[in-house]
Amino acid sequence: MTFRVGIIGAGMIGQEHAQRLDQRVSGTQVAGIADMNRDRASHVAAVTSGAGVYASGHDLIAAPDIDAVVVTTWGPAHEEYVLAAIATGKPVFCEKPLATTSAACLRIVDAEVAAGRRLVQVGFMRRSDPGYQAMKQDLDDGMIGEPLLAHCAHRNPSVPDSYTSDMPINDTAVHEFDTMRWLLDEDIAAISVLLPRRSRRASSHLDDPQVLLLETASGVLIDVEVNVNCDYGYDIRCELVGETGTLTLANPERVDIRRTGLDSVRVPADWRARFGRAYDIELQEWANSLAAGQAGGASSWDGYEATAICEAGLTALASRERVTVEARQRPSLYGQPLASPAARA
Ligand code: NAP
């Protein structure tokens, strides 16, 4: 069966996902596009194999010839479209963030729980990245014993002037928040933010770099360097330190270059180059879950936890104090609470 997908939001990632779902993912075709900007929607529809253009996201969700929905608008519009999709019983893939406040995320969680089945997948694509998946497999197989520490870095060559001091947490490190919960099978209990010497490449309204210190429920310490003006490339790093060894994230296939006086590898230019394969796998997994009739991947609950960590992080940034992450009790629809290290052993 081929699922007819409607995409709301024809901007940067909406265009990319439209091509993926129409041309690379098996089991889906893009049947509809909606965007505030109708011309942009028409432009994206024109590169699919025949998607229609809808006057609004709500018209698209209600259309009988749309089986499943992808939400790629800016964050503040996610909640209304995800709630509308749940209300019609249609599966929905929502780019991160699930919603921009934890209260909005909980409204989605409550609607999904009331519907009685998982309909929502959140676009935390690192869970589908082969490098992170290999790390998780080795950690779960006990290759390094119990994890004790993690060192992460999220470096971008530069950011536009519109990028402000909250965005290293809300837009950038949110990926690390979800990835570390998933890798370690543990919730984040507290966060602190440290501000080192400011880069001269940062705009006057941006504290860059930032160092975030996360503490898991069992006491694993995770430092995250967010450094969005590093100039040299898009560099995502992760090292897990366990009782008996370490695991280091491997970047995608690359060629080792040796020439006179040089032994080096290329650094990806941007997030598309680094995570293109992860997006392909993520959306194929979503298509497979449509066929299975049950959403997989990052859930609404994971989206809620990530936004709750962002909120605590912003409080920590403003106060420079350690802030505990407050989260509601997990509904049974989303499985058991994340395992403690003892449970994994
Ligand atoms: P973008 O280029 O600004 O595109 C968003 C599009 O949605 C724009 O065309 C915008 O129109 C439209 N839009 C905004 N509000 C709408 C509404 N209420 N109804 C219909 N259309 C609406 O943004 P983007 O970079 O593609 O990002 C979109 C989402 O994907 C964000 O949540 C972002 O965080 C996420 N994202 C995730 C990743 C990842 O790695 N997983 C990477 C990139 C982006 P106007 O321009 O006219 O407002």
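Numbering of ligands and ligand atoms starts at 1, following listing order. It should be emphasised that the depicted structure is a prediction, and the values quoted were computed from it without experimental measurement.
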Among I13, N170, I33, L98, closest by heavy atom to atom 43 (C) of ligand 1 is I13

Show the atoms of ligand 1 that are less than 4.0 angstrom away from any heavy atom in P97.
32 (O)

Working for side chain to side chain contact (heavy atoms under 4.5 Å, CB included), residues E215 and I188
CA-CA 6 Å; E215 301 166 43; I188 304 300; over 6 Å; no

Interfacing atoms of ligand 1 (cut-off 4.0 Å, heavy-atom, G123)
41 (N)

Output yes when the distance from some N or O of ligand 1 to some N or O of K96 is under 3.5 Å, and no in every other case.
yes

Numbering as shown, the atoms of ligand 1 that approach M125 to under 4.0 Å (heavy-atom distance)
40 (O), 41 (N)

Quick one: does A34 get within less than 4.0 Å of ligand 1, heavy atoms only?
no

Do A77 and ligand 1 have an N or O pair less than 3.5 Å apart?
no

Starting from atom 46 (O) of ligand 1, which protein heavy atom do you reach first, and at what distance in Å?
R40 NH1, 2.8 Å

Is there a protein heavy atom at a distance of less than 4.0 Å from atom 48 (O) of ligand 1?
no

Per-atom contacts, ligand 1 versus H78 - under 4.0 Å to a heavy atom
32 (O)

Looking only at non-hydrogen atoms, which of T100, D178, T73 approaches atom 31 (C) of ligand 1 most closely?
T73

As a check for students: among Y279, F124, Y54, Y81, identify the option with a heavy atom nearest to atom 17 (C) of ligand 1.
Y81

Distance-only N or O hit between ligand 1 and D171, under 3.5 Å
no

